[in-house]
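Comments concern the structure below.
Numbered from 1 within each chain, the chains take letters A, B, ... in sequence-line order. Heavy-atom basis, side chains included; hydrogens, waters and symmetry copies ignored. Since this is a predicted model, take the numbers as computed values, not measurements.
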Number of protein chains: 2
Amino acid sequence: MKQETRKNEIINVAAKLFKEKGYSAVTMRDIATSMGIKAASLYNHISSKQEILKEIIIALAEEFTEGIEQIKASEKSSIDKLKEIVTLHISITSKNTFGMASLNNDWMHLEEQLDYYLGLRAGYEESFRSILVNGIKNNEIANKNPEIMMFSMLSTLRSLYIWIPKKEAVSIKKLSAQLSDVLIHGINK
Amino acid sequence: MKQETRKNEIINVAAKLFKEKGYSAVTMRDIATSMGIKAASLYNHISSKQEILKEIIIALAEEFTEGIEQIKASEKSSIDKLKEIVTLHISITSKNTFGMASLNNDWMHLEEQLDYYLGLRAGYEESFRSILVNGIKNNEIANKNPEIMMFSMLSTLRSLYIWIPKKEAVSIKKLSAQLSDVLIHGINK
DNA sequence: ATATGAAACTAACACTTGTTAGTTTGGTTT
DNA sequence: AAACCAAACTAACAAGTGTTAGTTTCATAT
């Protein structure tokens with residue numbers, strides 16, 4: 001099922017270009033040229049430029065949603081749940097840094113699926129928030145403004161797509177441990 | 001000097017639109033319509049679409065560069081310097097959340113000034129890094145990977161433009177203190 | 001009254017955009 | 001050999017793009 005179809009090739013090439021210039025600045029001719037074919041030929045495999053964006057973003061958004069639902073439902077401590085979230089982001093991002101750029105920067109160009117996407121995102125943030133708030137209640141997490149904690153962690157995790165490709169083959173495990181440490185314990189001595 | 005010229009109005013309106021859809025997706029006709037005039041009339045005040053982007057981004061980038069140079073040269077502790085950086089970002093961002101979106105997302109569409117911008121950004125990051133590394137040397141800052149610490153802090157600070165407008169008139173002072181606390185001491189109990 | 005100048009306008013341009021229609025190619029199956 | 005099919009092609013379209021040229025408007029200064 002997870003075979004490399006021609007359609008998937010197009011989506012991957014497009015995602016790479018979208019990361020460099022953004023969805024709007026990439027033309028169908030750009031994508032075609034990158035594949036060594038003509039723009040019209042793309043339409044044998046995909047129905048529109050929109051569809052390419054949708055395929056990139058929705059798949060990733062659903063992956064995040066499933067991931068956090070599972071973490072939320074698990075029997076771990078709040079801190080361990082947050083560590084799992086860090087691992088989730090690092091894992092998904094390192095498998096698809098190009099797509100993550102679109103997820104972060106081009107979601108507003110979704111049309112049909114914009115509301116669906118926004119719903120997934122709101123749900124994700126709600127789960128994240130509930131993990132934090134529970135942790136505060138249990139005295140596992142510092143009693144600081146949860147919005148600020150969430151904003152700080154999520155900003156960092158959402159920027160991983162910029163940062164991961166610059167590092168030479170970081171081990172997911174090691175990066176995850178180091179980043180969790182910084183996010184959880186801060187930077188002070 | 002800092003008068004509200006027609007040119008500045010255009011730049012501000014454009015920045016707002018750029019934040020919503022990105023530079024490439026905004027047309028000169030969009031900008032004109034938002035001002036209640038025709039696209040051709042814009043050219044009485046600006047020379048090109050490019051120029052609008054340049055004015056938005058370069059002014060902000062230079063503001064950050066000046067800010068961090070001053071912090072770096074000051075006589076404060078490393079931790080206090082980092083707190084000042086947090087305040088710098090919050091201060092600049094809350095004055096111009098629209099422009100900050102372009103700085104973060106549309107810099108790659110600079111043409112003439114792309115190299116200049118990249119130089120400013122590299123210099124900024126170098127200053128940030130040196131403050132961190134110095135702090136580690138002085139035993140003021142934890143001996144963790146400075147790249148990861150910088151990445152985490154900068155990611156959060158660079159995302160402020162998304163977050164600040166959602167909060168109802170936060171005091172810069174208060175937000176700065178809370179965010180510094182989270183970034184420096186983390187979230188654990 | 002006349003001239004000035006900022007700031008709007010109309011009309012048009014050359015080019016690029018996403019997309020469609022119909023056709024050709026070349027390997028695989030019948 | 002004939003039929004099939006995925007995947008490429010050429011040619012064209014209607015709409016939208018940034019931008020230019022030349023003109024009009026109208027308040028202010030002479």
Atom-to-atom span, [atom1] of [X] to [atom2] of [N] - whole angstrom:
X        : N      : atom1 : atom2 : value
A/Ile31  : C/dT17 : CD1   : P     : 11 Å
A/Ile10  : D/dA7  : CD1   : C1'   : 10 Å
A/Lys49  : C/dG18 : NZ    : C1'   : 8 Å
A/Lys7   : D/dA8  : NZ    : C1'   : 18 Å
A/Ile46  : D/dA6  : CD1   : C1'   : 16 Å
B/Leu17  : D/dT17 : CG    : P     : 13 Å
A/Tyr43  : C/dG18 : OH    : P     : 7 Å
A/Glu111 : C/dG18 : CD    : P     : 13 Å

Open item on the list: Test of understanding: with side chain to side chain donor-acceptor pair (under 3.5 Å), list the residues that count as partners of B/Asn104, not counting sequence neighbours.
Closed with: none

Open item on the list: Can you build the contact string for nucleotides 23-28 of chain D? Use B for base contact, S for sugar-phosphate-only contact, and - for no protein heavy atom under 4.0 Å.
Closed with: ------

- [ ] Any chance you could list the contact pattern along nucleotides 5-14 of chain C? Use B for base contacts, S for sugar-phosphate-only contacts and - for none, protein heavy atoms under 4.0 Å, 5' to 3'.
- [x] --BBBBBB--

TODO: Establish whether B/Phe98 and B/Val13 are linked, either directly or via other cluster members, by ILVMFWY side-chain heavy-atom contacts under 4.5 Å.
DONE: no

- [ ] Could you list the residues that satisfy side-chain contact (heavy atoms from CB on, under 4.5 Å) with A/Ile162, not counting sequence neighbours?
- [x] A/Lys166

Task: Lys/Arg-Asp/Glu bridge criterion (N-O < 4.0 Å) met for B/Lys81, B/Glu84 - done: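 Between B/Glu84 and B/Lys81 there is no salt bridge, as every charged N stays at least 4.0 Å from the carboxylate O atoms.
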
Task: Lys/Arg-Asp/Glu bridge criterion (N-O < 4.0 Å) met for A/Glu111, A/Lys54 - done: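 A/Lys54 and A/Glu111: not salt-bridged.
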
Open item on the list: Checking B/Phe151 now: which residues fulfil ring pair (Phe, Tyr, Trp, His ring centres under 6.0 Å) with it, not counting sequence neighbours?
Closed with: A/Trp163

Task: A/His89-A/Phe128 aromatic ring centre distance below 6.0 Å - done: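 No: the rings miss the under 6.0 Å criterion.
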
Open item on the list: Just to verify, what does A/Glu69 make a salt bridge (charged side-chain N to carboxylate O under 4.0 Å, His left out) with, not counting sequence neighbours?
Closed with: none

Task: Test applied, ring-ring contact (aromatic ring centres under 6.0 Å, His included); reference residue, A/His109; option that passes from A/Tyr117, A/Tyr23, A/Phe18 - done: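 Of the listed residues A/Tyr117, A/Tyr23, A/Phe18, the ring-ring contact (aromatic ring centres under 6.0 Å, His included) partner of A/His109 is A/Tyr23.
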
